[in-house]
Amino acid sequence: MDFGLSREDKLFLDSVRSFAERVIAPRWVEIDERKWPIEEVAARLGEAGLLGIPLSSKYGGQDGTFLQAALAAEELAYADPSLATPVYMLLETAWPYVVQRYGREEAKGEVLPEMTKGRAFIGIASTEPQGGSDVASFQTKAVKEGDVWRLYGEKNMVTGVTTILNLPYGGGVVAITRTGRLEDKHRGITVFLALLKRRGRVTPGFSHRDWDEIGRHGLPTGYLMLEGLPVEDAFMLGELNGGFKIAMEGFNLARTIIGAASIGAARWLLDKALEWIRQRVVFGRPIASYQGVSFKFAELYARLESARLAVYKAAWVADRHYGGDVAFTIQDVATAGAVAKYLAVSLAVETALEVMKWFGGASYYKETNVARSLLGILSYYVGAEGAENILKLIIARNIIGREFI
């Protein structure tokens, strides 16, 4: 077993860290306060080669690995612990990879090169008002009308619709729709790359509004109403009624990179805390000297190391599976991704809360920025690619057996 990075991965990590320290870290609060638009950040990410890392160079990707994508997400989250920047990057890792894997050449050749340049955004339209994790019961319909499919229904918690409309090319969402009967459950699900804006022109057939979120303000999330949005056959991903497994693959990959982003934010929080507990004096001693603080710091540090290993392993498993190693199944990818997100996100939330206690009343001021990170992390604690109990369900089913759960 080798717990070190390869020379190539170290060079990649150094380049990402340099970019993050130079470009993102000095302005992350501006991103969170929407003074530096995410569309401009996207252009910088594209210039740095951080969009579509595991995609083929044929489409502007880096021919990279999911481990490298995890390393990038961690560094970007350390530089922007509000998580807006790493979330943008991780979404442009998982879902464009699904498009590359299952899309038709016409769709891939047009959209992916625009995405890797930061000129287009590819999001995910999954959650519906009546539920998020029960994909097999989704009601959004795709109906064939003439030579196009038309999408009808409601999607909630869709990240980046406003971003799509503000980018030069535009982009769209990987839309999970029903093309079979409701009683067909997962066997009636089809996935499309539904473009909301294409080549600079907004596609008719949808409306949207952004939610006023409590955190991670730099990247908007909102409600999407599909009102007959047209989608060409060429933008179907995979086969008709075969979209359920495709959607699950996207979530599996996203969970791993979410775990990496959470690790980056937790690392930033601990570093921020380390500086504080060394200099904050109470009763004539730095608070770091009290076991109530130092022992908890040690516990969080140890859990951070463990969670990081789980995240790196999940990325490694994905690389082995998609690299053709038959010893690693898609179920292995799903389990490892669920473990990575479960451990990393819960750790990051607990770290933020503990650090706020160490900062005391000062943590309640925006100027300390600790709460900014907590509010961003919470978006993945309460949901987004699976809340905690869904992750436990995935792990239990895959390890104990679906017949028992």
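None of the values given here were measured: they were computed from a predicted structure. In what follows, every heavy atom counts, from backbone to side chain, and hydrogens, waters and symmetry copies are set aside. Count residues from 1 along the sequence.
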Proximity of Trp358 and Tyr290 rings by center, below 6.0 Å: no
Pair Phe3 + Tyr312: ring centers closer than 6.0 Å: no
So, [X] and [Y]: side-chain donor and acceptor under 3.5 Å apart, yes or no?
X      : Y      : result
Asn241 : Thr179 : yes
Thr159 : Thr221 : yes
Thr329 : Asp332 : yes

Which heavy-atom pair separates [X] from [Y] by the least distance, and what is that distance?
X      : Y      : result
Pro220 : Glu213 : C-OE1, 4.3 Å
Pro86  : Ala73  : CB-O, 3.8 Å
Val311 : Gly259 : CG2-C, 3.7 Å
Ala261 : Leu83  : O-CD2, 3.8 Å
Ala310 : Leu343 : CB-CD1, 3.9 Å
Thr116 : Pro113 : OG1-O, 3.0 Å

Pairs flagged by salt bridge (Lys or Arg N to Asp or Glu O under 4.0 Å) wherever residues 152-173 is involved - sequence neighbours left out: Glu128-Lys155
Pairwise ring-ring contact (aromatic ring centres under 6.0 Å, His included) hits with a residue in residues 373-405, at least two apart: none
Pairwise ring-ring contact (aromatic ring centres under 6.0 Å, His included) hits with a residue in residues 96-116, at least two apart: Phe66-Tyr97, Tyr97-Tyr322
By side chain to side chain contact (heavy atoms under 4.5 Å, CB included) - contacts of Leu5 (at least two apart): Asp9, Lys10, Leu13, Leu67, Leu71
Trp149 and Phe192 aromatic ring geometry - parallel, tilted or perpendicular at 30°/60° bounds: tilted
Phe206 and His208 aromatic ring geometry - parallel, tilted or perpendicular at 30°/60° bounds: tilted
Glu33 with Arg372: basic N within carboxylate O range, under 4.0 Å: yes
Note: Arg104-Glu106 ion pair, threshold 4.0 Å (strictly below): no
[X], [atom1]: over 12 other non-hydrogen atoms inside 6.0 angstrom:
X      : atom1 : answer
Arg285 : CZ    : yes
Met356 : CE    : yes
Arg278 : CZ    : no

Distance under 6.0 Å and angle within 45° of ring axis: Arg267 vs Tyr78: yes
Please report, to 0.1 Å, the donor-acceptor pairs under 3.5 Å made by any side chain of residues 43-62, with sequence neighbours excluded.
{"residue": "Ser56", "atom": "OG", "partner": "Lys58", "partner atom": "N", "Å": "3.0"}
{"residue": "Ser57", "atom": "OG", "partner": "Asp63", "partner atom": "OD2", "Å": "2.8"}
{"residue": "Tyr59", "atom": "OH", "partner": "Glu105", "partner atom": "OE1", "Å": "2.8"}
{"residue": "Tyr59", "atom": "OH", "partner": "Glu105", "partner atom": "OE2", "Å": "3.1"}

Test log, rule side-chain contact (heavy atoms from CB on, under 4.5 Å), inputs Leu269 and Ile377: CA-CA 11 Å; Leu269 285 161; Ile377 296 164; 4.0 Å; yes
With sequence neighbours excluded, residues passing ring-ring contact (aromatic ring centres under 6.0 Å, His included) with Trp36: none
Side-chain heavy-atom pair Leu11, Arg7 within 4.5 angstrom cut-off: yes
